[in-house]
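Step one of this worksheet: look at the structure below.
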Amino acid sequence: MDAKNRFETRATFLLLRMEWLGGLVVCGVLAVRHFSEIRWGVFVSLFVVIDAIGYLPGALAFRRSSDGRISRWYFVAYNTMHSLVTAGVVAGAWAVLVKPEWALLALPLHLLGDRALFGNSLKPFGVFFEPHRHPAYGEFERVYANSARRNSGESRRGADAVRL
């Protein structure tokens with residue numbers, strides 16, 4: 001939303017996901033257009049390594065945990081591997097040290113797919129590793145929806161700035 005209100009309503013989250021979807025479509029079109037030029041072993045490796053390092057260890061630890069609490073290092077690994085900055089550094093280093101190539105599209109395809117299709121982005125320490133509604137956030141949404149109704153003007157109805 002803004003620097004002082006770091007949350008998304010249902011509608012603004014949907015709009016954000018649509019932006020990610022636009023990037024995903026562009027990368028997908030490029031991959032299809034250059035399909036025969038992609039080294040598929042490199043593509044699959046780059047696509048899979050993000051979750052092999054960043055998601056699977058944390059997901060396994062979470063499932064094995066009796067109370068859902070796991071080390072912060074799983075969150076750090078997830079956020080590092082699912083960062084567009086990390087992907088940019090990897091792609092840049094690969095382009096310099098190996099060669100620029102279409103297989104590098106695996107990185108944005110994975111990350112933009114996570115964001116656009118599944119609604120996943122970076123994980124804060126204060127939530128479970130796997131999606132579970134945080135009670136404080138549920139309460140916040142309830143309070144916010146009530147205040148939005150009380151303070152709504154003609155351009156805003158309900159809790160969302162854009163009506164779904």
Side-chain angles (χ1 to χ4, degrees), residues 1-35 37-65 67-138 140-141 161-162:
M1 287 257 252
D2 61 45
K4 300 288 182 184
N5 300 287
R6 294 181 312 255
F7 65 91
E8 298 294 338
T9 64
R10 215 175 22 157
T12 58
F13 185 64
L14 176 63
L15 292 170
L16 188 57
R17 287 179 70 181
M18 288 172 43
E19 288 186 12
W20 295 119
L21 183 61
L24 179 63
V25 168
V26 168
C27 291
V29 167
L30 287 170
V32 168
R33 189 158 168 83
H34 296 280
F35 191 85
E37 300 169 64
I38 293 174
R39 288 194 305 155
W40 288 100
V42 172
F43 182 98
V44 169
S45 297
L46 289 171
F47 194 93
V48 168
V49 74
I50 293 169
D51 281 343
I53 294 171
Y55 172 69
L56 293 175
L60 184 59
F62 178 79
R63 283 171 179 76
R64 288 183 173 171
S65 171
D67 62 0
R69 294 180 190 184
I70 60 173
S71 169
R72 287 179 167 222
W73 288 108
Y74 293 113
F75 291 82
V76 171
Y78 181 92
N79 291 340
T80 300
M81 294 306 294
H82 286 83
S83 166
L84 290 166
V85 173
T86 302
V89 168
V90 169
W94 188 280
V96 169
L97 299 173
V98 180
K99 68 177 182 176
E101 59 180 304
W102 293 110
L104 294 172
L105 283 171
L107 299 168
L109 282 169
H110 182 125
L111 300 178
L112 295 172
D114 276 357
R115 286 165 170 77
L117 303 176
F118 304 114
N120 296 330
S121 84
L122 304 179
K123 296 182 182 291
F125 294 136
V127 299
F128 283 122
F129 191 81
E130 293 289 6
H132 286 80
R133 182 172 207 78
H134 194 287
Y137 190 76
F140 163 77
E141 278 191 321
V162 178

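When all heavy atoms of L105 and F43 are compared, the closest pair comes out as C-CE1, 4.1 Å. A pairwise comparison of heavy atoms in A31 and L109 identifies CB-CD1, 4.2 Å as the closest pair. K123 and F129 get closest at one heavy-atom pair: NZ-O, 2.6 Å. For L24 against G113, the heavy-atom pair with the smallest separation is CD1-N, 3.8 Å. For the pair F128 and D67, the tightest heavy-atom approach, listed with the atom from each and the gap, is CE2-O, 3.5 Å.
The closest donor-acceptor contact from the side chain of S83 to the backbone of N79 lies at 3.5 Å or more, if one exists at all. Side chain of R17 to backbone of F13: no donor-acceptor contact under 3.5 angstrom is found.
Contact annotation: the side chain of V29 approaches that of V25 to within less than 4.5 Å [non-hydrogen atoms, C-beta and beyond]. Contact of the F75 side chain with the I70 side chain is registered, since non-hydrogen atoms from C-beta on lie closer than 4.5 Å. Inter-residue side-chain proximity for Y55 and H82 is flagged as met; some heavy-atom pair is nearer than 4.5 Å.
For R39, the CZ atom sits in a packed shell: over 12 heavy atoms of surrounding residues, nucleotides or ligands are nearer than 6.0 Å.
Residues passing the side-chain contact (heavy atoms from CB on, under 4.5 Å) test with K4 are D2, sequence neighbours excluded. Remark: F47 engages H110 in a ring-ring contact (aromatic ring centres under 6.0 Å, His included) (not counting sequence neighbours). Not a single side-chain hydrogen bond (donor to acceptor under 3.5 Å, both in side chains) links H134 to another residue, sequence neighbours left out.
Atoms CH2 and CG, on W94 and L107 in that order, are 9.5 Å from each other to the nearest 0.5 Å.
For Y137 and F140, the ring centers are positioned less than 6.0 Å apart.
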